[in-house]
Amino acid sequence: MLRNFRALVSHRYLSAISRGCQGRGVKTAASGSDIVDVWKARLEELNVPDVKSSLDNILAHVLNQKQVYDLSDRKDLALSQEQLEHFEKLCHCRVARMPIQYIVGEWEFRDLHLKMQPPVFIPRPETEELVELILQKQEPTRPVTFLEIGCGCGAVSLALLKALPMAKCKAVDQSSMACLLTLKNAIYQKLSDRISVSQHKVSDRVKDDDFSVKFDFIVSNPPYISSRDLMDLDPEIRLYEDLRALDGGETGMNVITAVLKVASKFLTEDGTLWLEVDSHHPELVVRYLDIHKSSLKLKFVASYPDLFQNERFIEIVRDVQEK
């Protein structure tokens, strides 16, 4: 079933690209502002979300401008014929509900400008808060080695490396495409000398040779959506992003528990594990750690809310004194 669904996603993506490249459906308007108004009305009619933001980002990309906001409101907007055609092609992709990050091929995360490509998981704004929480507990001048499990495009690892000039990172992901994109972004950000990237899928069977060193901290935004809820996700997510980066099993805990086992084995004695989870998971994690406290030797410290006041982030420490 999953294989058939992934085939559907691939077909939908290729169809969107085909429609976009053909640039059909809207007659070229007399000016840039006219054609923007036409597309604004069409996207709203089709109930495409975040119409203004989508158009602003597409226009900024077409115009090669860093300034994104309010471009779609400009009545003096001037586009060449080539730019008009490019704009229309990208708007067709948005009609097909392709995420804007994939359409423009880049996105901002904290102070990083990152390359994006489907189906690699798109970093969310809430994850920037996870980076902030970690940095609050770190001394910038202290040499540390950390592990990111599920690096995606590399947003978290690279943001931490940029803020911690003495840090080194091991980044892993089960997707080879994600690993390649992380490395590409690391090179683009001039951080490739402090990060190693490899394809690796964490599992309950943690082996001694999974990693060659122990880590001062581990960070992970693992798949945590319940399998039964995947089909209820927005089209932008379920049709284009890698479902493996989202599917956490029946309760959303499958990968979380695997990450806990990795942390138990590969954190230093005073090391910390940072997780981004669903709001109902902190309670489940506390219960799991209590049941397995003698084997895992991990201690729940706290959970922290995201900008929407959902308990989203978990701090766990290695507790070698736990019996």
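When a residue number appears, it is its place in the shown sequence, counting from 1.
Here the side chain of Arg228 pairs a donor or acceptor atom with the backbone of Glu250 at under 3.5 angstrom. A side-chain donor-acceptor contact under 3.5 Å links Asn185 to the backbone of Cys153. Remark: side-chain polar atoms of Asp173 are paired, donor with acceptor, to backbone N or O of Cys151 under 3.5 angstrom. Side chain of Arg238 to main chain of Leu230: no donor-acceptor pair is present (N/O by atom type, distance under 3.5 Å, no hydrogens or angles). No donor-acceptor pair closer than 3.5 Å links the side chain of Asp50 to the backbone N or O of Ser54. Between the side chain of Asn57 and the main chain of Ser53, a donor-acceptor pair closer than 3.5 Å is present. One N or O on the side chain of Glu128 and one on the backbone of Arg110 form a donor-acceptor pair closer than 3.5 Å. Panel note: side chain His281, backbone Thr251; a donor-acceptor pair is recorded below 3.5 Å. With hydrogens and angles disregarded, a donor-acceptor distance shorter than 3.5 Å links the side chain of Asp56 to the backbone of Asp70. Under the 3.5 Å distance criterion, the side-chain polar atoms of Arg124 are matched with a main-chain donor or acceptor of Ile122.
The shortest heavy-atom contact between Ala159 and Phe109 is CB-CE2, 3.9 Å. Taking each heavy atom of Arg244 and Ser175 in turn, the nearest pair found is NH2-CB, 3.6 Å. Residues Leu267 and Arg318 share a closest heavy-atom pair of O-NH1, 3.2 Å. The two residues Val277 and Pro282 come nearest to each other via the heavy atoms CG2-CD, 4.0 Å.
Ile187 contributes atom CD1, which lies 10.0 Å from atom NZ of Lys184 (distance to the nearest 0.5 angstrom). Of the inter-residue distances, the one linking Asn310 atom CG with Ser303 atom OG reads 11.0 Å to the nearest 0.5 angstrom. Between atom CD of residue Glu236 and atom CD of residue Gln101 there is a gap of 9.5 Å, rounded to the nearest 0.5 Å. Atom CD1 of Ile256 and atom OH of Tyr288 lie 11.0 Å apart (nearest 0.5 Å). Residue Phe266 holds its CZ atom at 8.0 Å from NZ of Lys214, rounded to the nearest 0.5 Å. If you take CG on Leu296 and CG on Asp290, they are separated by 11.0 Å, rounding to the nearest 0.5 Å.
Note on Asp37 versus Lys75: salt bridge recorded, some NZ/NE/NH1/NH2 to OD/OE distance being below 4.0 Å. A salt bridge links Lys52 with Asp73: the distance from a Lys NZ or Arg NE/NH1/NH2 to an Asp or Glu carboxylate oxygen falls below 4.0 Å. Salt bridge absent: Asp210 and Lys265 never bring a charged side-chain N and a carboxylate O closer than 4.0 Å. Of the charged side-chain nitrogens involved, none lies within less than 4.0 Å of a carboxylate oxygen, so that Arg312 and Glu129 do not count as a salt-bridged pair.
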Test log, rule side-chain hydrogen bond (donor to acceptor under 3.5 Å, both in side chains), inputs Gln174 and His200: CA-CA 5 Å; Gln174 63 182 327; His200 179 85; over 6 Å; no
Side chain to side chain contact (heavy atoms under 4.5 Å, CB included) between Phe217 and Gln138, intermediate numbers included: CA-CA 10 Å; Phe217 67 87; Gln138 296 296 317; 3.5 Å; yes
Steps toward side chain to side chain contact (heavy atoms under 4.5 Å, CB included) verdict (Val172, Phe211): CA-CA 10 Å; Val172 300; Phe211 302 101; 3.9 Å; yes
Verdict with supporting geometry, Thr272 and Glu315, side chain to side chain contact (heavy atoms under 4.5 Å, CB included): CA-CA 7 Å; Thr272 305; Glu315 180 182 6; 3.8 Å; yes
Check against side-chain hydrogen bond (donor to acceptor under 3.5 Å, both in side chains), Ser295 and Lys261: CA-CA 9 Å; Ser295 60; Lys261 292 178 181 179; over 6 Å; no
Stepwise side chain to side chain contact (heavy atoms under 4.5 Å, CB included) test for Trp107 and Leu114: CA-CA 5 Å; Trp107 206 245; Leu114 300 172; 5.7 Å; no
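In the displayed structure, Glu269 atom CD is contacted under 6.0 Å by at most 12 heavy atoms of other residues, nucleotides or ligands. In this structure, Glu283 places its CD atom where only 12 or fewer heavy-atom neighbours from other residues, nucleotides or ligands lie under 6.0 Å away. The number of heavy-atom neighbours closer than 6.0 Å to CG of Asp232, taken from other residues, nucleotides and ligands shown, is above 12. For Glu82, the CD atom is loosely surrounded, since the number of other residues' heavy atoms within 6.0 Å does not exceed 12.
Phe300 is listed as a side-chain neighbour of Ile314, based on a closest heavy-atom distance under 4.5 Å. Between Leu298 and His292 there is no side-chain heavy-atom pair separated by less than 4.5 Å. Put simply, the side chain of Val317 does not reach to within 4.5 Å of the side chain of Asp270, judged on heavy atoms. When side chains are defined from C-beta on, Met166 does not count as touching Glu139, because their heavy atoms never get closer than 4.5 Å. Contact of the Leu77 side chain with the Leu63 side chain is registered, since non-hydrogen atoms from C-beta on lie closer than 4.5 Å. In this structure, the side chains of Val95 and Leu43 come closer than 4.5 Å at one or more pairs of heavy atoms. Within the 4.5 Å cutoff, the side chain of Ile195 has heavy atoms near those of the Ser157 side chain. Residues Pro305 and Glu311 meet the side-chain proximity criterion, which asks for heavy atoms closer than 4.5 Å.
Using a 4.5 Å cut-off between side-chain heavy atoms of Ile, Leu, Val, Met, Phe, Trp and Tyr, with links allowed through other members, Ile100 and Met116 fall into the same hydrophobic cluster. Taken together through direct or relayed side-chain contacts under 4.5 Å among Ile, Leu, Val, Met, Phe, Trp and Tyr, Val48 and Trp39 form part of one hydrophobic cluster. In terms of hydrophobic clustering, with Ile, Leu, Val, Met, Phe, Trp and Tyr side chains grouped at heavy-atom distances under 4.5 Å, Phe215 and Val301 are assigned to different clusters. Ile225 and Val202 fall within the same hydrophobic cluster, defined by Ile, Leu, Val, Met, Phe, Trp and Tyr side-chain heavy atoms under 4.5 Å apart, directly or through other members. Val51 and Val68 fall into different hydrophobic clusters, defined by Ile, Leu, Val, Met, Phe, Trp and Tyr side-chain heavy atoms under 4.5 Å apart, directly or through other members.
Side chains of Lys170 and Ser198: a donor-acceptor N/O pair is present below 3.5 angstrom, by distance only.
Both tests pass for Lys115 against the ring of Tyr188: distance under 6.0 Å to the centre and angle within 45° of the axis.
Each of Thr182, Leu161, Val131 was scored for a side-chain contact (heavy atoms from CB on, under 4.5 Å) with Val156, with one residue passing: Val131.
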